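Written out below as structure tokens is the structure these notes cover.
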Amino acid sequence: MATQKISLTRYLIEQERTHGSLPPQLRLLLEVVARSCKSISLSVTKGALGGVLGTTETENIQGEIQKKLDIIANEVLIEANEWGGHLAAMASEEMSGIHLVPNRYPQGEYLLLFDPLDGSSNIDVNVSIGTIFSVLKKPDNSAGVTEDNFLQAGNTQVAAGYCVYGPQTTLVLTVGNGVAMFTLDREQGSFVLTSENVRIPVDTQEFAINMSNMRHWDAPVKRYIDECLQGAEGTRGKDFNMRWIASMVADVHRILTRGGVFLYPWDKREPNKAGKLRLMYEANPMSWLIEQAGGAATNGHERILDIVPTALHQRVSVVLGSKHEVERVTSYHHDNPDGLTPSAT
Ligand code: AHM
Ligand code: MG
């Protein structure tokens with residue numbers, strides 16, 4: 001007898017039944033996010049034929065020139081999610097302020113945050129890119145919705161995930177009960193469960209970092225990478241391999257699939273910024289997924305999920321992946337308390 005395929009819908013309903021931890025409104029919200037990802041996946045796949053490649057004339061709040069797909073993906077997510085009644089508001093890496101659900105629609109109790117198109121520099125060169133999302137609950141006692149309602153530590157997330165648009169389109173999700181992966185079945189138009197209870201090996205011999213920034217790193221990061229590069233002849237006594245895709249979604253997906261460590265550390269190029277990656281749209285959802293799969297995530301000093309944000313677009317230094325390697329990098333920062341890396345974010 002053929003094994004029955006488990007759709008995302010069935011997986012979520014079973015989570016609701018067996019763990020009782022997934023309220024129906026949250027399930028519906030996640031299904032809408034997944035539908036948005038399907039739509040973005042279609043646009044990505046069309047490439048030049050769909051007129052979606054190239055840049056626009058506009059800059060986002062981060063001061064980055066937006067790609068056409070950054071804007072398309074942002075619009076798809078806003079339009080799909082604002083009318084369903086599950087959400088109170090949304091926040092996006094591509095928008096300066098929060099997006100309130102218009103008055104003509106019912107208001108829900110959840111807050112949705114996203115990086116609509118992660119890895120923008122890879123869009124035009126046909127390399128894997130993705131969408132990252134995080135769901136928070138609006139604080140119970142707050143009337144209306146404000147930006148402050150979003151400023152919650154990552155450990156309060158109620159769902160998080162990403163969709164990677166690569167050779168396959170894969171949705172990766174946690175609702176706090178392990179990590180599951182779903183592959184888009186393009187003929188059926190649905191996400192099918194292809195991996196459950198994902199686990200990351202605690203040890204690894206593969207690291208991911210943008211080596212071109214080496215001269216700007218702080219001492220603990222230099223020390224860690226130097227030791228990896230010394231290989232079997234050095235203090236680590238083993239050879240390391242390097243992978244760097246420059247799309248966080250794709251680098252994290254590799255780590256969830258076979259282990260590894262990913263670093264995007266603070267560096268001296270822009271010393272006043274805590275890092276390049278954004279805490280609420282990138283680091284928090286990825287850190288929760290990694291921890292749910294048995295890995296670890298810190299900013300070199302503390303657990304990323306414990307950082308209480310003070311601003312929506314706050315940046316953070318990121319070290320995540322196989323537990324023992326992340327612990328090693330973090331201990332190098334603790335050995336070097338006078339280092340330059342800001343511990344505050
Ligand atoms: P984006 O969200 O604007 O695409 O920026 C985030 C990306 C990450 O996916 C990736 O790890 C990093 O930026 C690569 O940056 P760089 O090539 O500047 O090192
Ligand atoms: Mg990004």
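Atoms within each ligand, like the ligands themselves, are counted from 1 in listed order. These numbers were taken from a predicted model, which means no experiment stands behind them.
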Task: Met248 N/O under 3.5 Å from ligand 1 N/O - done: yes
TODO: Could you tell me how the ring of Phe262 sits relative to the ring of Trp244: parallel (under 30°), tilted (30 to 60°) or perpendicular (over 60°)?
DONE: parallel
- [ ] Answer yes or no: is there a donor N or O on one side and an acceptor on the other, between the side chain of Ser36 and the main chain of Val32, under 3.5 Å?
- [x] yes
Task: Proximal ligand 1 atoms for Glu282, defined as those under 4.0 Å from one of its heavy atoms - done: 2 (O), 6 (C)
Task: Contact check: Leu277 vs ligand 1, nitrogen or oxygen atoms, below 3.5 angstrom - done: no
- [ ] Compute the shortest N/O to N/O distance between Arg278 and ligand 1 and return yes if it is under 3.5 Å, no if not.
- [x] yes
Open item on the list: Once you restrict to heavy atoms under 4.0 Å, what part of Ser120 touches ligand 1? Side chain, backbone, both or neither.
Closed with: both
TODO: State, without any angle test, whether Gln66 and Thr56 hold a side-chain donor-acceptor pair at a distance under 3.5 Å.
DONE: no
Open item on the list: Strictly distance-based, threshold 3.5 Å: is any side-chain N or O of Asp218 a donor or acceptor partner for the main-chain N or O of Trp266?
Closed with: no
- [ ] Would you please classify the geometry between the His313 ring and the Tyr281 ring as parallel, tilted or perpendicular, with 30° and 60° separating the classes?
- [x] tilted
Task: N-O pairing of Arg254 and Asp251 below 4.0 Å - done: yes
Task: Modelled atom types, side-chain donor and acceptor of Asn177 and Gln15, under 3.5 Å - done: yes
Open item on the list: Under 4.0 Å, heavy-atom basis, I'd like to know which part of Asp118 is in contact with ligand 1: side chain, backbone, both or neither.
Closed with: both
Task: Proximal atoms of ligand 1 relative to Ala246 (non-hydrogen, under 4.0 Å) - done: 9 (O), 10 (C), 14 (C)
Task: Residue pair Leu320 / Val326: nearest heavy atoms and the distance that separates them - done: C-CG2, 3.6 Å
TODO: Find all atoms of ligand 1 within a distance of less than 4.0 Å from any non-hydrogen atom belonging to Glu93, and give their numbers and elements.
DONE: 1 (P), 2 (O), 3 (O)
Open item on the list: With heavy-atom distances below 4.0 Å as the criterion, list the atoms of ligand 1 near Ser247.
Closed with: 9 (O)
TODO: May I ask whether Ser121 has any heavy atom positioned less than 4.0 angstrom from an atom of ligand 1?
DONE: no
Task: Sub-4.0 Å atoms of ligand 1 with respect to non-hydrogen atoms of Asp115 - done: 2 (O)
